[in-house]
Amino acid sequence: MPELPEVETTRRSLEPHLVGRRIVAVIVRDRRLRWPVQADLEARLEGARIDRVDRRAKYLLIGVADGTLLLHLGMSGNLQVVGPATPLRKHDHVDIVLDDSRVLRFHDPRRFGSLHWTEGDGGSHPLLAALAPEPLTDAFDGDYLHQVTRGRSAAIKHILMNGTLVTGVGNIYASEALFRAGINPRTAARRLSAVRCTRLVAAVKETLALAIDAGGSTLRDYVDAGGRPGHFQQQSLVYERGGQACSRCGASIRHIRQGQRSTYYCVSCQT
DNA sequence: AGCTCACCCTGCGAGC
DNA sequence: TGCTCGCAGGGTGAGC
């Protein structure tokens, strides 16, 4: 479900409910997530007071005094703060019970999500240490993208989704950003000029910022921590619009597969 | 080193 | 109705 805007929307909606609360119980109903949930997770978290809710790439970082819970929503995960008597649904794998008796509930049908406990602020954890710059910071600029794409023959769309070059850009927003930049998603990354790299970086930032403002995309089942859907998909220019007319030139939007993922683009606008 | 592909898992809609 | 197939927003790791 989530790309960076959905994770950031979730973070913002969780923060006021979590910061300052003490964790009174942790209930793990199914440990078989992307990686098995470590045996001491409950003991690490119970009794701890939540100091911060941060985000790095698509990871949520729930910080307590002596460590951090790294939480990834995978493809189908979501987090909601619910009342103590809220009935369980299928795939409600983890409950974190707070001292106001409300519950932070992790729901993930496909179980591609994950939870990890790590000491300190989480930044040195192997899952985070190798991650590239955040796309919405100044470290991600045209010069940077131009530099890291030299010698790379892979398609630019694939490169955008490679978390060791830039983080947080997933399948929806890669297609959307390439459309805004007028770049064909199949272009070999090394063939992009410095000017086009600059244009693409601007398009990535613009696309992500718009999506965050819209509360993320709601394809299928995404909701934020309060159960509210996002509405970015109503603004999508190409994603899931195969066969429709391009909003810019009227040509038919094409749907292709790159790797195992869907890509949408306008053959006329994107060269 | 980088590229490509298979795979982890469940649910849903389409087609028969 | 019920089946099979393909596809879905993520990421890792094997084999080349």
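Chain A is the first sequence line, chain B the second, and so forth, proteins listed ahead of strands; every chain is numbered from 1. Keep in mind the model is a prediction, meaning the values are calculated, not measured.
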* Can you tell which of B:dA6, C:dT12, B:dC9 lies closest to the side chain of A:Arg34? -> C:dT12
* To do: Quickly work out the A:Leu131 CG to C:dG10 C1' distance and round it to whole Å.
  => 13 Å
* **Short side-chain N/O contact from A:Ser153 to OP1 or OP2 of B:dC3, under 4.0 Å** => yes
* Spacing of CD belonging to A:Glu176 relative to OG belonging to A:Ser236, to within rounding of 0.5 Å -> 4.5 Å
* Asked: How many Å lie between CD on A:Glu6 and C1' on C:dG10, as a whole number?
  -> 12 Å
* Asked: With side chains defined as the heavy atoms from C-beta onward, is the minimum distance between A:Leu160 and A:Leu200 less than 4.5 Å?
  -> yes
* Would you tell me if any nitrogen or oxygen in the side chain of A:Arg111 comes within less than 4.0 Å of OP1 or OP2 on C:dG10? => no
* Taking NZ, NE, NH1 and NH2 as the nitrogens, is one of them in A:Arg49 or A:Asp51 under 4.0 Å from a carboxylate oxygen of the other? -> yes
* Asked: A:Arg32 near the nucleic acid: base, sugar-phosphate alone, or nothing, with a heavy-atom cut-off under 4.0 Å?
  -> nothing
* Are any of the side-chain nitrogens in A:Arg55 or A:Glu134 under 4.0 Å away from the carboxylate oxygens of its partner? -> yes
* **Flag side-chain contact, heavy atom, 4.5 Å: A:Cys269 against A:Cys246** => yes
* Structure fact -> Regarding the side chain of A:Gln260, the nearest nucleotide among C:dC7, B:dC7, C:dT12 is B:dC7
* Structure fact -> From CG of A:Leu60 across to P of C:dG11 the rounded distance in Å is 13 Å
* To do: Send over the distance from A:Phe112 CZ to B:dC9 C1', rounded to a whole Å.
  => 5 Å
* To do: Ignoring the backbone of A:Arg152, work out which of C:dC7, B:dC3, C:dG10 is nearest its side chain.
  => B:dC3
* Is B:dA14 paired to anything, Watson-Crick or G-U wobble with both distances less than 3.5 Å, and if yes, which nucleotide? -> C:dT4
* Within less than 4.0 Å of OP1 or OP2 of B:dG11, is there a side-chain N or O belonging to A:Arg110? -> no
* Contact residues, residues 87-96 of chain A to DNA chain B [heavy atom, < 4.0 Å] -> A:Lys90, A:His91
* Asked: Is the A:His125 ring parallel, tilted or perpendicular to the A:His116 ring (thresholds 30°, 60°)?
  -> tilted
* **Worked check of salt bridge (charged side-chain N to carboxylate O under 4.0 Å, His left out) between A:Glu3 and A:Lys58** => CA-CA 6 Å; A:Glu3 297 190 32; A:Lys58 296 171 192 162; 5.4 Å; no
* **Options B:dT4, C:dG10, B:dG11, nucleotide nearest the side-chain atoms of A:Ala154** => B:dT4
* To do: Can you tell me the distance, in whole Å, between the CE atom of A:Met161 and the C1' atom of B:dC5?
  => 14 Å
